[in-house]
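For reference, the structure is listed below as structure tokens.
Here is how names work: the chains are called A, B, and so on, in the same order as the sequence lines, proteins then strands, and each is numbered from 1.
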Amino acid sequence: MNRYDFKAIDKKWQDKWEEVEAFKALTDYSLPKYYTLIEFPYPSGQSLHVGHPRPYTAMDIVSRKKRMQGYNVLFPMGWDAFGLPTENYAIKKKIHPSVATKNNVETYKSQLKSFGLSLDWSREVNTCDPDYYKWTQWIFIQLFKYGLAYKKEMSVNWCTSCKCVLANEEVIDGECERCGSEVVQRYKSQWMLKITAYAQKLLDGLENLDFIERVKTQTINWIGRSEGAECDFSIKDSDKKLRIFTTRPDTLWGATYMVIAPEHPIINELKGNIINFDEIDSYRDAAAKKSDFERSELVKDKTGVEIKGVKAVNPVNNEEIPIFISDYVLISYGTGAIMAVPGHDTRDYEFAKKFDLPIIEVVKGGDISKEAFTDTETGIMVNSGFLNGLEVADAKKKITQFLEDNNLGVGTIKYKLRDWVFARQRYWGEPVPIIICPDCGFVAIDESELPLVLPNVESYELTDTGESPLSRITDWVNVKCPKCGGDAKRETDTMPGWAGSSWYFLRYCDSNNPDYLATKEALDYWMPVDWYNGGMEHTTLHLLYSRFWALFLHDIGVVSCPEPYLKRTSHGMILGEDGKKISKSRPEFIVNPDDMINEYGADSFRLCEMFIGDFEKSTPWSTNGMKGCKRFLDKVCGLTEIAKGKGATSELENKFHKTIKKVTSDIDEMKFNTAIAAMMTLLNDIYDHGSLTVDELRTFVTILCPFAPHISEEIWSMYGGTKLLSLTEWPAYDESKTIDAMVNIAVQVNGKLRGVIEIPVDSAQDFALNAAKSDEKVKVFIEDKSIVKEIYVPNKLVNIVVK
RNA sequence: GCCGGAGUGGCGGAAUAGGUAGACGCCCGGGACUUAAAAUCCCGUGAGAUUAAUUUCUCGUACCGGUUCGAUUCCGGUCUCCGGCACCA
């Protein structure tokens with residue numbers, strides 16, 4: 001066999017694996033287990049492009065190797081099917097979202113199967129399946145019962161023309177994506193999940209997890225824990241107080257003005273005292289049109305209005321200071337009000353310069369005539385009453401104690417993390433299983449009534465009241481209150497797409513169980529997930545949301561392990577061949593995997609996906625790269641023509657041991673590209689050598705199997721493999737055979753390479769130096785010079801410093 | 001703007017507890033085979049000088065500076081690109 005005849009081979013082995021259920025995770029819970037997880041796809045209107053298979057193939061390689069190493073592997077797949085894009089697609093194409101989803105799932109599934117992934121399809125889940133979302137709703141009810149789901153007034157994007165709520169994504173430059181009309185902020189009561197109650201746990205849990213560093217740091221920054229103090233400023237000629245949060249209570253003496261968010265309720269409370277209320281009100285209107293993001297983006301040009309007729313009083317020195325409203329202060333963080341210390345905060349400094357407000361130095365160490373001094377490590381307090389002379393850290397403790405002792409404030413911890421808005425005014429999502437009773441308030445439906453099935457309606461288009469399309473189905477909406485039996489209504493908002501994906505890894509443990517989310521036994525065995533790979537873009541939302549749910553389900557006794565994922569890695573994106581992100585707006589750069597597989601075969605495609613670059617970095621797609629991978633596989637097939645002799649090993653033995661070692665460790669470290677390069681190098685060495693033994697060929701296809709399983713199975717079967725190669729043992733290597741007797745080391749003179757010498761491995765320093773100095777090329781550079789220093793790094797280099 | 005990453009030949013990338021920069025592959029050029037082409041095989045391939053030579057030298061890992069015998073790797077600063085910014089999932 002001198003060619004990879006993929007048309008004959010690929011389907012043959014895919015059918016074989018399916019026939020014998022080769023990749024079915026076993027329910028024998030005495031076996032050592034390994035749970036590999038990839039983010040399940042969102043089956044949108046577009047078919048898969050060449051970017052999707054990269055993480056799938058990577059984790060398939062990991063799963064296949066673990067299986068060969070004797071683990072009972074769970075490598076499942078499913079569909080994250082609810083959500084806005086499918087609904088919009090359905091409205092546009094005039095197909096029901098459930099039909100659109102069904103079609104897309106079919107397409108995706110056949111594509112995934114053509115890649116030869118070793119998935120256990122018997123555990124497939126679909127978040128829009130009532131048997132699945134029954135448990136999504138059940139979890140919501142538990143969150144509600146434990147006080148972690150509550151309703152709150154929230155601002156939403158409102159299109160003035162479409163008369164509907166828009167997702168942030170649908171707002172482009174303050175205009176509606178569909179009609180281009182103005183978008184304003186409106187208030188609506190929304191279901192929220194109290195993820196902030198888990199902020200500290202989400203932070204603490206990270207510590208012992210094997211998450212890649214950038215995921216950890218981004219999560220930590222997103223949660224944004226900061227220690228500080230809340231402190232009351234009284235309002236002159238009023239009994240009202242303005243409570244602020246600051247991380248720098250030590251700088252209280254430097255507060256020269258205050259700033260409150262435009263939405264702050266105290267504005268209306270003080271209406272009678274405010275002289276320029278009209279001006280304030282129009283600023284509020286303008287701010288209402290901007291999102292938080294737009295507000296902080298315009299940070300360079302700070303805007304604001306002084307609230308005239310009202311002064312605040314600094315509690316530590318009784319100074320009267322002005323109050324401004326400005327949109328750089330967000331109502332959603334802290335208390336929605338700050339004391340401004342322009343000498344020691346960059347944003348306050350800019351604002352003070354613009355509005356010509358006094359800047360007082362209270363921490364020595366910088367030059368506040370030029371910029372704010374924000375260092376908290378080195379400063380000494382000045383102009384600060386009893387704090388003078390203290391270091392910042394000590395001053396913080398002392399002032400916090402002072403505030404508490406005098407009932408002026410309290411030391412506190414705040415998080416940037418905000419609660420999770422858990423409602424959408426949309427059709428295509430899980431109905432929220434709550435009944436709103438005029439007498440009893442919010443009442444969860446009885447768990448025996450789950451799933452609360454999403455009504456199958458003709459019209460799921462948006463309403464012009466801003467309510468969910470479900471609100472139109474009166475016979476579904478109108479119900480009796482489960483508590484008092486009186487007339488009541490169902491909640492008509494649905495859950496966001498994040499809901500189903502927040503616990504799917506639990507369902508995989510026991511996907512088909514009608515009575516439980518999953519049995520305790522299955523959860524105890526499979527959880528936690530051993531290795532979860534996914535996109536960086538999911539770090540701050542999905543990853544955090546799902547950890548929150550898992551921690552909660554642990555707290556109420558559903559799962560035994562607190563943290564759901566032991567290890568988290570992240571792949572880089574595949575870009576278009578033009579080096580830019582693949583996007584439906586540039587269809588000429590979308591490459592369909594089907595075309596690649598038809599032309600080069602599944603194994604070439606898998607190999608190319610993994611060889612194209614560092615798995616963790618994004619990289620442009622290259623159809624040319626497919627050719628190189630196909631050539632490699634053709635040459636692997638060609639080995640069958642030069643394989644001779646049984647049992648005996650050849651001079652290639654050490655090279656085999658080295659390659660096994662490298663491929664084994666590279667897979668564990670996600671360095672798939674160098675693992676493939678190592679196998680290519682070995683292949684070149686075999687051809688240079690001219691032949692290999694049959695056993696060596698069997699070893700070669702065994703380590704190639706996770707990467708190119710079809711061709712490996714085929715060759716394996718040619719050489720008497722009775723059971724599937726995919727279920728055969730991963731080869732061991734002999735460490736002593738991975739080390740060469742001789743080693744080439746570099747010889748530098750004054751740090752410049754002047755020669756290379758071959759010496760025995762682990763040579764002594766004297767030996768190496770003598771060998772280096774007697775090298776003809778090196779001699780020229782050290783003759784007639786005095787040697788100042790000699791450096792020897794064993795097995796690496798010699799550096800001779802001369803004068 | 002804020003948070004997190006990245007920048008190495010014509011291209012994708014390799015090599016970092018600081019130690020021979022460019023593994024492996026693509027493209028390209030030359031040759032073999034062929035009536036011819038494709039496929040395949042062999043050779044070459046960072047840039048610039050230099051040599052009879054496949055010789056020798058210099059430069060070179062986004063940019064500027066620093067530490068070091070030695071920096072792609074560490075430190076300080078700058079630029080550019082990518083991901084996220086909470087109702088896309």
Mind checking [X] for me? I need base, sugar-phosphate or nothing, with any heavy atom below 4.0 Å counting as a touch.
X	value
His542(A)	nothing
Ile612(A)	sugar-phosphate
Asp614(A)	sugar-phosphate
Phe611(A)	base
Lys216(A)	nothing

To the nearest Å, how far apart are Glu616(A) CD and G83(B) P?
-> 18 Å

Taken to the nearest whole Å, CE/Met680(A) to P/A23(B) is 14 Å

Answer with yes or no whether Gln748(A) presents, from its side chain, a donor or acceptor under 3.5 Å of a partner atom in the base of G19(B).
-> yes

Spell out yes or no: do the side chain of Asn799(A) and the base of C69(B) have one donor N/O and one acceptor N/O closer than 3.5 Å?
-> yes

Ignoring backbone atoms, establish whether [X] has a side-chain N or O less than 4.0 Å from OP1 or OP2 of [N].
X	N	answer
Lys752(A)	C59(B)	yes
Arg424(A)	C88(B)	no
Lys416(A)	C2(B)	no
Lys617(A)	G7(B)	yes
Asn2(A)	U40(B)	no
Arg3(A)	A39(B)	no
Arg631(A)	C24(B)	no
Trp498(A)	A89(B)	yes
Asn221(A)	G84(B)	no

Across all strands, who's sitting opposite [N] as a Watson-Crick or G-U wobble pair, both distances under 3.5 Å?
N	answer
C41(B)	G31(B)
C2(B)	G84(B)
A17(B)	none
U54(B)	none
G25(B)	C11(B)
G76(B)	C64(B)

Between Tyr504(A) and Phe40(A), does the ring centroid distance fall short of 6.0 Å?
-> yes

So do Ile195(A) and Leu417(A) actually touch side chain to side chain, heavy atoms under 4.5 Å?
-> yes

Presence of salt bridge, Lys658(A) and Asp740(A), under 4.0 angstrom | yes

Is any NZ, NE, NH1 or NH2 atom of the basic residue among Asp775(A) and Lys777(A) found under 4.0 Å from an Asp or Glu carboxylate oxygen of the other?
-> no

Trace of the side-chain hydrogen bond (donor to acceptor under 3.5 Å, both in side chains) decision for Asp493(A) with Ser468(A) = CA-CA 5 Å; Asp493(A) 282 3; Ser468(A) 151; 5.2 Å; no

How would you label the glycosidic angle of G44(B): syn (within 90° of 0) or anti?
-> anti

Among Arg54(A), Arg568(A), His571(A), whose side chain to side chain donor-acceptor pair (under 3.5 Å) with Asn533(A) holds?
-> His571(A)

